[in-house]
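Have a look at the structure below, then the notes.
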Amino acid sequence: MKKLMKIASLLLALCLALALTACGGTEDSDKTNPPSGSGTAQAAGYTFRFKGVEIAVDADLAPIVAALGDPTDYFDSDSCAFQGKDKVWTYGGVILRSYPEGDKDLVLSVELMDDSVSTPEGIYVGSSRDDVTAKYGAPTSEAGTSVSYVKGKCTLMFSLADGKVSSIAYRSQVLDE
Amino acid sequence: MKRKAFLSGLAVFLALAAVLWFCQRLLMPKYQTGIVEGSMVEEYYREELPHEVLFIGDCEVYENFSTITLWENYGITSYIRGSAQQLVWQSYYLLEDALRYETPKVVVFNVLALKYNTPQSEAYNRMSLDGMRWSGSKAAAIRASMTEDESFVDYVFPLLRYHARWSELTGDDFKHLFSKDLVTHAGYYMRVDVKPQTGFPPPMVLPDYTLGANAMGYLDKITALCKENGIALILIKAPTEYPHWYDEWDAQIVEYAEKNGLPYFNYIGLRDEIGLDMTTDTYDAGLHLNTRGAEKMADYFGRYLTENYDLTDYRTDPDYAAVWSEKVKYYNDMKEQQYAELAEYGHLVSFGANAIEG
């Protein structure tokens, strides 16, 4: 019994030591922003070029919006219990959305809503489904009225209506988690 | 001699356990100032009397329905078991947990959470799960909610998760070491300030509008649990428009409700009938209602409840009246305090994300 008690006490002491010192102060201890495994590395994959600025999903948004200049519209809202902000920048027919990662806003999606812009491969709102297939090949997936292509960490989605592209979105795979 | 050794060993063991327990209590977030949403789930256990109506869901319930108005206008005893970004499996297990203490006549579930089919965020998980009392329901809720980076043992011993908060401790951590203030009014989170709704960005086009099988499976479980316990389940979509509730999602809920014989109300289209004015009845530009809006919403919903369910008007019951009069007082006092802060500073200083510790 005495031995058992000694072992139990030692274990408790070990727990105490581990609990209080194990990770020191280097670990992110913010109660409301616990560590995330998603990382902040700029995604490899499809990119969109707009006003001379290359935009990739999961990239740091700050230099991108700084280079793009004033948006035609900007919207932000606190998420539930203030876990960061949802932010949306609109530049005419291009919509940029962000997600918070640490103290940065990363690109969540780039949406092309009209034919004033096109993908680097030449697809725009109004292109036919055949045009899409000719440029990008067979889609990675199809769901409902959209076809998607996955490259690196980016999903390029073409929404279709009456056989024509009705919108285009570069989506971070964060959206699929 | 043996006995003495045993006793001293036991004393050391208990002392160490007490130190660990104390450290855990000290280091766990208190959620008493600023982000108070983490206190909501545990507050439920302080309720003295049962409720006939129980709401489950995310901010679309705990910020949009005044439980005090339901009491004052209709004598309805209700509680909102809400929490920030409460996922549908968390709603299910919180309901299961609540049924250990009471059996309400009506359960109200807000459907926005069905947009999430997988675990989302540890921060939100913690706010919904840490406050639950230990039971099979809590263990199952943790298992259903954990993201890849989380581990079950961190929920069993939160000290393992929060040990590094040493450097962030504030006065609240000491002040609320052993007792906490109520942050809600029977689950309702009060905000009286006004920030008019101006507009929202266009909703994101989705690759697939089918609500996830996991989420819908838990809605099935909620439906079944209510049925087993003779509880009427009402599905609602709160009257707020952001985050966007897609027509395609709505159609699936309409179909689900019809198939299961459940009432479903999407209040977005009923705002005029409710009397909501989103230039005055929201505190955050249309994401949530303020108290004025939540009182209108509760009055409208309370009328529906009394007309369609066999609920008791408890206002003449002295036991209930005594308990609820305290809640009403606390509600009115907080309302008065918030209006006073608005008058003095132009914004709230003791409430909301940027609140200053008192």
Side-chain angles (χ1 to χ4, degrees), chain A residues 1-2 4-6 8-9 11-13 15-16 18-37 73-75 77-83 86 88-90 95 97 108-109 111 113 141-144 146-148 155 157 159 166-169 171 175-177, chain B residues 2 5-6 9-10 12-13 16-17 19-20 23-24 28-29 31 34-38 58-59 83-85 118-124 126-127 147-150 157 159-168 199-202 204-210 242-243 248 284-287 352-353:
Chain A
M1 180 58 95
K2 187 181 163 191
L4 192 68
M5 197 62 77
K6 207 177 233 177
S9 295
L11 278 175
L12 266 174
C15 283
L16 180 63
L18 279 174
L20 298 181
T21 62
C23 301
T26 55
E27 184 181 329
D28 175 4
S29 62
D30 188 336
K31 66 181 186 270
T32 54
N33 292 297
S36 161
D73 196 22
Y74 171 74
F75 171 86
S77 69
D78 287 314
S79 57
C80 243
F82 312 102
Q83 299 301 295
D86 298 330
V88 184
W89 288 261
T90 303
I95 300 172
R97 297 180 205 260
L108 179 69
S109 68
E111 294 156 83
M113 304 304 289
S141 63
E142 292 187 45
S146 68
V147 293
S148 295
T155 300
M157 183 185 88
S159 298
S166 56
S167 68
I168 302 167
R171 295 164 52 89
L175 284 163
D176 303 322
E177 287 172 0
Chain B
K2 261 187 181 177
F6 170 75
L10 183 67
V12 171
F13 178 83
L16 280 169
V19 169
L20 277 173
C23 290
Q24 181 161 293
M28 281 189 75
Y31 301 113
I35 300 169
V36 299
E37 285 86 340
D58 54 19
C59 52
S83 51
Q85 204 194 71
T118 55
Q120 297 291 307
S121 144
E122 187 197 359
Y124 287 123
R126 285 285 174 180
M127 284 190 250
T147 58
E148 277 180 13
D149 298 330
E150 294 178 78
F157 301 108
L159 181 59
L160 297 172
R161 175 64 187 86
Y162 295 114
H163 63 268
R165 282 193 72 240
W166 277 116
S167 55
E168 299 165 11
F200 299 115
M204 186 184 286
V205 179
L206 304 183
D208 187 355
Y209 292 88
T210 310
Y242 190 89
E248 292 86 346
D284 54 4
L287 276 69

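Every chain is numbered from 1, with letters handed out A, B, ... down the list of sequences.
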| query | Taking all atoms of both residues into account, what is the closest heavy-atom pair of B/Val205 and A/Glu111, and its distance? | reply | N-OE1, 3.7 Å

| message | I need the minimum non-hydrogen distance between A/Leu175 and B/Met204, along with the two atoms involved. | response | CD1-SD, 3.9 Å

| At their closest point, which heavy atom of A/Ser146 faces which heavy atom of B/Pro207, and how far apart are they? | OG-O, 3.1 Å

| message | Heavy-atom count check: over 12 atoms from other residues, nucleotides or ligands less than 6.0 Å from B/Glu148 CD? | response | no

| field | Reported CE-to-CG distance for the pair A/Met157 and B/Asp208, which is rounded to 0.5 angstrom | value | 10.0 Å

| request: Please state whether the side chain, the backbone, both or neither of A/Leu108 comes within less than 4.5 Å of a heavy atom of chain B. | output: side chain

| said: Please classify the contact of B/Pro202 with chain A as side chain, backbone, both or neither, using a heavy-atom distance under 4.5 Å. | reply: both

| field | OH (A/Tyr74) with more than 12 external heavy atoms under 6.0 Å | value | yes

| message | If I compare all heavy atoms of A/Asp78 with all of B/Leu287, which pair ends up nearest, and what's the gap? | response | O-CD2, 3.5 Å

| message | Are A/Asp86 and B/Tyr242 packed together at the side-chain level, in the sense that at least one heavy-atom pair is separated by less than 4.5 angstrom? | response | yes

| Checking B/Gln24 against chain A: side chain, backbone, both or neither under 4.5 Å from a heavy atom? | neither

| query | Checking A/Thr90 against chain B: side chain, backbone, both or neither under 4.5 Å from a heavy atom? | reply | neither

| query | Does any non-hydrogen side-chain atom of A/Asp73 lie less than 4.5 Å from one of B/Pro201? | reply | no

